[in-house]
**Student:** 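Below is one structure. I have some questions about it.
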Amino acid sequence: QCLNNEMSKTIKNSSWFYMSWRHDPTIQSMLTMLDSIHHKFQGKGEFLPLLLDQQNPVITFLFLDLDIFKMTDDLYIKMNSRGKPLTGFENFKAKYEQSLEAIDLNKRTFYLSFQGVSEKVSLKRYFSYNVDTKWADLFWNYRDLQDRSGSSSGDFTFDDEMMNFIRVIFTNKYAAELNLASKTKDDTLEYLRGAESARKSNPDYSDVISYHKYKEFGLAFDKDDEERLKVKPSEDIFNLQQTKEDAYGYALALVDALDTFSNGTEPIRKCISDNYKYYYDENAIFKQALKHEFDKNHDRICFHAYLRFLIENKGDTTGLDEWMRVISNLSHPENTIIDEGADIAGALRSVEQMLPHSKDILTYLKSSPNIHQFSSWQVQEEIIKAHLITLSEKWKDAVESTEKHGYFNSQIGFILDFAGIADYYREHKDCKWGADENEKFLNAFKAYSVKASAVFEKDYDHRVNDKDYVFERAVFTKGSYLFPGDTGRKNLLSTSVVKNNVKRDHSWKRFLRLSDDKDWRTKQGFVKAVLDDERFNVNSVHDSLASIATDKTNTWRDMFIDSPGIFSYCEQGFILINDEKRITLFHQSQINHLHKDLCLEQLWMHQVQPNLGKYSCFSGAEHKSVKSEDEDSYIVLKGYKHDRIAYEVLLYYYPYENDGIQGNYELSFRKASASNNKLEDYKKDITGIIDILGLEWNEDYQAFFWATDDSDAIISKLNQLCEVLPYGLSE
């Protein structure tokens, strides 16, 4: 007899019905359907014989014991109206729930609350219940996220997001427990993080990692492993037992992560203060994790640090803002290079080492700890800034507002240096100065911050105050700041191209980082000298820099200072200084690409190109780049014809002994055709002019030559030649 005419009530009051089943969505659905059937057929006893007819039953059930088939994916069929196969997440969940029963080491107690009553449950029960309730409520807010291409799966479920989240948690934990040497690769980590090398080398690679794959990696353990544990040789028992311990650890990490982010039916809760969103946007990065598409490894590391803080401190957010500020500063891709799996593992391991101090990270930094993996100069900068920030709110505001500049991206070591703060710290290992010194240092810091922010206004790719490379030219007036590269090359720091890691390795940002190197700091001092120049004006940055760039140094640097176009030619900023007499400009990055001579480019830009009207007897002129290391660039004036014979003039710069030709600047006059280019083939009206001008025939080059050490003299000779050439016309 059903109580109150409700079958569900009768079932719930049965002794075998568990209280926890009252909150199980699947069981509740079953009870609802049973009530509907009951209401439909209540009082219609004539149907009962049909149900009890064993020969011709109207309802039958088919049973398949999946244990016999080892629970393979193909045997799972989702029992719904569409009959679709289980998703990757549903397969994973079914198998993972079973594995939790095998690995539960009972090291932690779990509770579920039902109608106000707290009930102690197993790890498996805790996971099984929450994955269909409160954790599902969280992920429902993020279902069917778009990927980088703007597309989505279109299934409007959160299965993919949940699988990606699990992958991120497992990957980060795996990486944080590795101890990889630099440049070393771990195949499992490469697969887990989806590295390109893993995609290419694994034919079975999938962006959806199955339970069996996690088990293959040693991150899961089940009943089959328990059975093998009983029969394996003694030397293998430890490995299997360790896998079981590890799998338990991964399960706890996943449960902790899911519990930490759960927020009822709402998206993740807001924990970061608005002023610190610059350092970590928790909602944006959480979405990246759900898509397993971190924009940068920096974002992966910050996500791990954020989550681990909340877990470590049991949800208490005290100190979270500063913790994320420090982690973001250390791991920013412009402050520390984190490209490979070993870099990621090292960074995550360092985060774990700092984690016990996360609630008061500034006090920890003030103890000058050894923090590995992150750039030493950035670590030192964070230590100094920790001393400053804890001095007062004024220092805190000054430091953090400067860090947020679009160009600096939290690397402001040079401002600490220019203000004298870095030197004070180097000497005293603290910033415990008096009130007068505090005012002096704070004012100096603010002043250099304002000046530097104006010079590098906006960001590195959009420096509005560097038209015509006026900043680089101004610094050149103070000294040779050139940044070293490999194979003897130097860099002008004048471009933000990404190619060949130019933006990463050859930038003002890298040049201005904190350094204890004496020569490096001397070069940084040239920038300080510009900012200290009495002509520098933050309200008129470009004009004041241009005024400074009128200064003369009486060195080769003047050619750069006077010629913005030289910087433009060097698209990646590279030059090669053989000595002060011979400097090669690289159009790209290497000498086997197009290159020009600096002195000849200066001659072209200032004395030839602006006066092409004087050379109207020639139809064209250019400074010709060359590719070979053995070739020299040259200025060529071409298109002059006399008696239907084409002639050309070439200007060279070669400051060394050259086949008896005396002089750095060389002028060559010859027929444009390589054939019939012998002295006897030149007519007297041409040779007569050549003789008058003093050009001499050179048999090796089959041309008439004239040389001098004076650039003005070579231009004068070119002018004379054009004035006296027959007819002064091109035909």
**Student:** Is the closest side-chain donor-acceptor distance between N719 and Y615 under 3.5 Å?
**Tutor:**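 Short answer, yes.
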
**Student:** What closest approach, in Å, do N578 and Y656 show between heavy atoms, and which atom pair accounts for it?
**Tutor:**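 Heavy-atom minimum between the residues: CB-OH, 4.2 Å.
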
**Student:** Strictly below 4.0 Å, N to O, side chains only: are D468 and R473 in salt-bridge contact?
**Tutor:**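 Result for this pair is no, no salt bridge flagged.
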
**Student:** Show, in sequence, the C-alpha distance, side-chain angles and deciding distance for I686 and H642, and conclude whether the side chain to side chain contact (heavy atoms under 4.5 Å, CB included) test is met.
**Tutor:** CA-CA 9 Å; I686 293 293; H642 177 60; 4.0 Å; yes

**Student:** Would you indicate whether the side-chain heavy atoms of N335 and K509 approach each other to under 4.5 Å?
**Tutor:**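 Of all side-chain heavy-atom pairs linking N335 with K509, at least one is under 4.5 Å.
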
**Student:** Side chains of Y424 and E437, heavy atoms from C-beta outward: is any pair under 4.5 Å?
**Tutor:**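 A side-chain contact under 4.5 Å exists here.
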
**Student:** Mind checking the CD-CD spacing from E622 to Q609? Nearest 0.5 Å is all I need.
**Tutor:**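 So the CD of E622 and the CD of Q609 are separated by 11.0 Å.
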
**Student:** Heavy-atom distance under 4.5 Å between the side chains of Y569 and S625, does that happen here?
**Tutor:**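 Sidechains of S625 and Y569: in contact.
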
**Student:** Apply side chain to side chain contact (heavy atoms under 4.5 Å, CB included) to the pair Y665 and L651, showing each step before the final yes or no.
**Tutor:** CA-CA 7 Å; Y665 293 95; L651 302 180; over 6 Å; no

**Student:** With under 30° as parallel and over 60° as perpendicular, where do the rings of Y634 and Y652 fit, or are they tilted in between?
**Tutor:**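 Because their plane-to-plane angle lies in the 30° to 60° range, the rings of Y634 and Y652 count as tilted.
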
**Student:** Rounded at 0.5 Å granularity, tell me how far CG in N500 sits from CG in D505.
**Tutor:**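 Nearest 0.5 Å value for the CG-CG distance: 10.0 Å.
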
**Student:** Determine yes or no for a side-chain-to-main-chain donor-acceptor pair under 3.5 angstrom, with T522 supplying the side chain and K518 the backbone.
**Tutor:**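 Pair found, side chain donor or acceptor close to backbone of K518.
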
**Student:** Any idea which heavy atoms bring S563 and H606 closest together, and the distance?
**Tutor:**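 It is OG-NE2, 2.6 Å.
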
**Student:** Using a 3.5 Å distance criterion without hydrogens, assess whether the side chain of R513 forms a donor-acceptor pair with backbone atoms of Q411.
**Tutor:**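 A pair under 3.5 Å: no.
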
**Student:** Centre of F294's six-membered ring, under 6.0 Å away, within 45 degrees of the axis: is that where NZ or CZ of R300 sits?
**Tutor:**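 The answer is no; the distance or angle limit is not met.
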
**Student:** I'd like to check R325 versus K385 (side-chain heavy atoms, cut-off strictly below 4.5 Å). Are they in contact?
**Tutor:**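 Yes, side chains in contact.
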
**Student:** Looking only at atom types and distance, does a side-chain atom of D643 sit under 3.5 Å from a main-chain N or O of I645, one as donor and one as acceptor?
**Tutor:**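 Answer holds: no.
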
**Student:** Dump the intermediate steps for side chain to side chain contact (heavy atoms under 4.5 Å, CB included) on K552 and I561, then the final yes or no.
**Tutor:** CA-CA 8 Å; K552 299 298 180 184; I561 296 168; 5.9 Å; no

**Student:** Could you tell me whether D423 and R426 have a side-chain N and a carboxylate O separated by less than 4.0 Å?
**Tutor:**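 Yes, D423 and R426 are salt-bridged.
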
**Student:** If we ignore hydrogens and angles and just use 3.5 Å, is the side chain of D533 paired with the main-chain N or O of A529 as donor and acceptor?
**Tutor:**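 Side chain of D533 to backbone of A529, a donor-acceptor pair under 3.5 Å: no, none is there.
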
**Student:** Just by distance, no angles: are the side chains of E403 and Y279 close enough, under 3.5 Å, to form a donor-acceptor pair?
**Tutor:**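 The criterion, which ignores hydrogens and geometry beyond distance, is satisfied for Y279 and E403.
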
**Student:** If the plane angle is over 60° it's perpendicular, under 30° parallel, otherwise tilted; pick one for F567 and F560.
**Tutor:**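 Because their plane-to-plane angle is over 60°, the rings of F567 and F560 count as perpendicular.
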
**Student:** Please determine whether the number of non-hydrogen atoms from other residues, nucleotides or ligands lying under 6.0 Å from atom NZ of K277 exceeds 12.
**Tutor:**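 Result for NZ/K277: enclosed.
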
**Student:** Considering the options I714, L721, L718, I690, which one meets the side chain to side chain contact (heavy atoms under 4.5 Å, CB included) requirement together with W706?
**Tutor:**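 Looking at I714, L721, L718, I690, the match for W706 under the side chain to side chain contact (heavy atoms under 4.5 Å, CB included) is I714.
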
**Student:** Decide whether S410 and N329 meet the rule of one side-chain donor and one side-chain acceptor closer than 3.5 Å.
**Tutor:**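 The criterion, which ignores hydrogens and geometry beyond distance, is satisfied for N329 and S410.
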
**Student:** Using the side chain to side chain donor-acceptor pair (under 3.5 Å) rule, take N297 and E340 through it: C-alpha gap first, then chi angles, then the decisive distance, then the call.
**Tutor:** CA-CA 9 Å; N297 290 326; E340 305 299 330; over 6 Å; no

**Student:** Is the shortest side-chain heavy-atom distance between D632 and D597 below 4.5 Å?
**Tutor:**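 Sidechains of D597 and D632: no contact.
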
**Student:** Short question: side chain of E381, backbone of G413 - any donor-acceptor pair under 3.5 Å?
**Tutor:**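 At least one qualifying donor-acceptor pair exists.
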
**Student:** So does D551 pair up with R557, basic N to acidic O under 4.0 Å?
**Tutor:**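 No, this pair does not count.
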
**Student:** Give, for atom OG of S453 and atom OH of Y448, the distance between the pair rounded to the nearest 0.5 Å.
**Tutor:**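 If I round to the nearest 0.5 Å, the distance is 14.0 Å.
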
**Student:** Report yes or no: does K478 contribute a side-chain atom to a donor-acceptor pair with the main-chain N or O of V527 at less than 3.5 Å?
**Tutor:**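 Not at all, since once roles are kept as given, no pair shorter than 3.5 Å links the two residues.
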
**Student:** Taking A703's backbone N and O only, do any of them form a donor-acceptor pair with N698's side chain (distance below 3.5 Å, no angle check)?
**Tutor:**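 The answer is no, because no donor-acceptor pair under 3.5 Å joins these two groups.
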
**Student:** Check whether Y276 forms a cation-pi arrangement with K404 (NZ or CZ under 6.0 Å from the six-membered ring centre, at most 45° off the ring normal).
**Tutor:**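 Because its charged atom sits under 6.0 Å from the ring centre and within 45° of the axis, K404 does stack over Y276.
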
**Student:** For atom CD of E631, is the number of surrounding heavy atoms from other residues, nucleotides or ligands below 6.0 Å larger than 12?
**Tutor:**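 It does: E631 CD has more than 12 such atoms within range.
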
**Student:** Could you tell me the separation between the CD atom of E457 and the NE2 atom of H405, rounded to the nearest 0.5 Å?
**Tutor:**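 Reported to 0.5 Å precision, the distance equals 7.0 Å.
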
**Student:** Which class fits the ring pair Y481 and F511: parallel under 30°, tilted 30 to 60°, perpendicular over 60°?
**Tutor:**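 If you compare the ring of Y481 with that of F511, the planes turn out perpendicular.
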
**Student:** Is there a salt bridge (Lys or Arg N to Asp or Glu O under 4.0 Å) between K499 and E571? Walk through the geometry before answering.
**Tutor:** CA-CA 10 Å; K499 187 177 180 180; E571 291 186 353; over 6 Å; no

**Student:** Might you point out which heavy atoms bring S633 and H595 nearest each other, and give the distance in Å?
**Tutor:**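 The pair with the smallest heavy-atom distance is CB-O, 3.9 Å.
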
**Student:** Enter the distance from Y682:OH to T687:OG1 here, rounded to the nearest 0.5 Å.
**Tutor:**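 So the OH of Y682 and the OG1 of T687 are separated by 10.5 Å.
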
**Student:** Between S711 and C599, is there a side-chain heavy-atom distance shorter than 4.5 Å?
**Tutor:**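 No. Closest side-chain heavy atoms not under 4.5 Å.
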
**Student:** Determine whether more than 12 heavy atoms belonging to other residues, nucleotides or ligands lie under 6.0 Å from atom NZ of K394.
**Tutor:**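 Open.
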
**Student:** What are the two closest heavy atoms between D681 and N677, and how far apart are they?
**Tutor:**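 What the structure gives for the nearest pair is OD2-N, 4.1 Å.
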
**Student:** Could you report the tightest heavy-atom contact between L388 and L416, atom names first, then the distance?
**Tutor:**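 Residues L388 and L416, closest heavy atoms: CD1-CD2, 3.7 Å.
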
**Student:** Okay, side chain of K523, backbone of L482: is any donor-acceptor separation there less than 3.5 Å?
**Tutor:**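 Yes, the answer is positive, given that a donor and an acceptor are paired below the 3.5 Å cut-off.
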
**Student:** For K638, does the NZ atom sit with more than 12 other heavy atoms under 6.0 Å from it, leaving out its own atoms?
**Tutor:**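 It does not: K638 NZ has 12 such atoms or fewer within range.
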
**Student:** If we ignore angles and hydrogens, is there a donor and acceptor under 3.5 Å between the side chains of N491 and Q572?
**Tutor:**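 Distance-only check fails for N491 and Q572.
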
**Student:** With a 4.5 Å heavy-atom cut-off, do R521 and D417 have their side chains touching?
**Tutor:**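 Yes, at least one pair of side-chain atoms sits under 4.5 Å.
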
**Student:** Can you tell me how the ring of W520 sits relative to the ring of F483, calling it parallel under 30°, perpendicular over 60° and tilted otherwise?
**Tutor:**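 Rings of W520 and F483: perpendicular, as their planes differ by over 60°.
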
**Student:** Could you tell me if the side chain of N465 sits less than 4.5 Å from the side chain of F471, heavy atoms only?
**Tutor:**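 They are not in contact (no side-chain heavy atoms under 4.5 Å apart), so the answer is no.
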
**Student:** Using a cut-off of 6.0 Å, state whether more than 12 heavy atoms not belonging to E696 lie near its atom CD.
**Tutor:**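 For E696, atom CD is not crowded (no more than 12 foreign heavy atoms under 6.0 Å).
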
**Student:** Would you call the rings of F414 and F456 parallel, tilted or perpendicular, taking 30° and 60° as the class edges?
**Tutor:**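 Answer is perpendicular, since the angle exceeds 60°.
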
**Student:** Does D299 use its side chain to pair, donor to acceptor, with the backbone of K296 at less than 3.5 Å?
**Tutor:**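 Yes.
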
**Student:** State plainly whether the residues D579 and K581 are in salt-bridge range, i.e. N to O under 4.0 Å.
**Tutor:**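 Here D579 does not pair with K581 in a salt bridge, since their nearest N and O are not under 4.0 Å apart.
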
**Student:** Minimum heavy-atom separation for W697 to L679, with atom names?
**Tutor:**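 So the minimum-distance heavy-atom pair works out to CZ2-N, 3.5 Å.
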
**Student:** Which label fits F704 and F669: parallel for a plane angle under 30°, tilted from 30 to 60°, or perpendicular past 60°?
**Tutor:**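 Answer is tilted, since the angle falls between 30° and 60°.
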
**Student:** After noting the C-alpha distance and the side-chain angles of I412 and F445, does the key distance pass the side chain to side chain contact (heavy atoms under 4.5 Å, CB included) rule?
**Tutor:** CA-CA 10 Å; I412 59 172; F445 178 87; 3.9 Å; yes

**Student:** How about NZ on K684, more than 12 heavy atoms from neighbouring residues, nucleotides or ligands closer than 6.0 Å, or not?
**Tutor:**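 12 or below, so no.
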
**Student:** May I ask you to decide if E601's main-chain N or O and Y653's side chain share a donor-acceptor pair within less than 3.5 Å?
**Tutor:**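 Judged by distance alone, no pair lies under 3.5 Å.
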
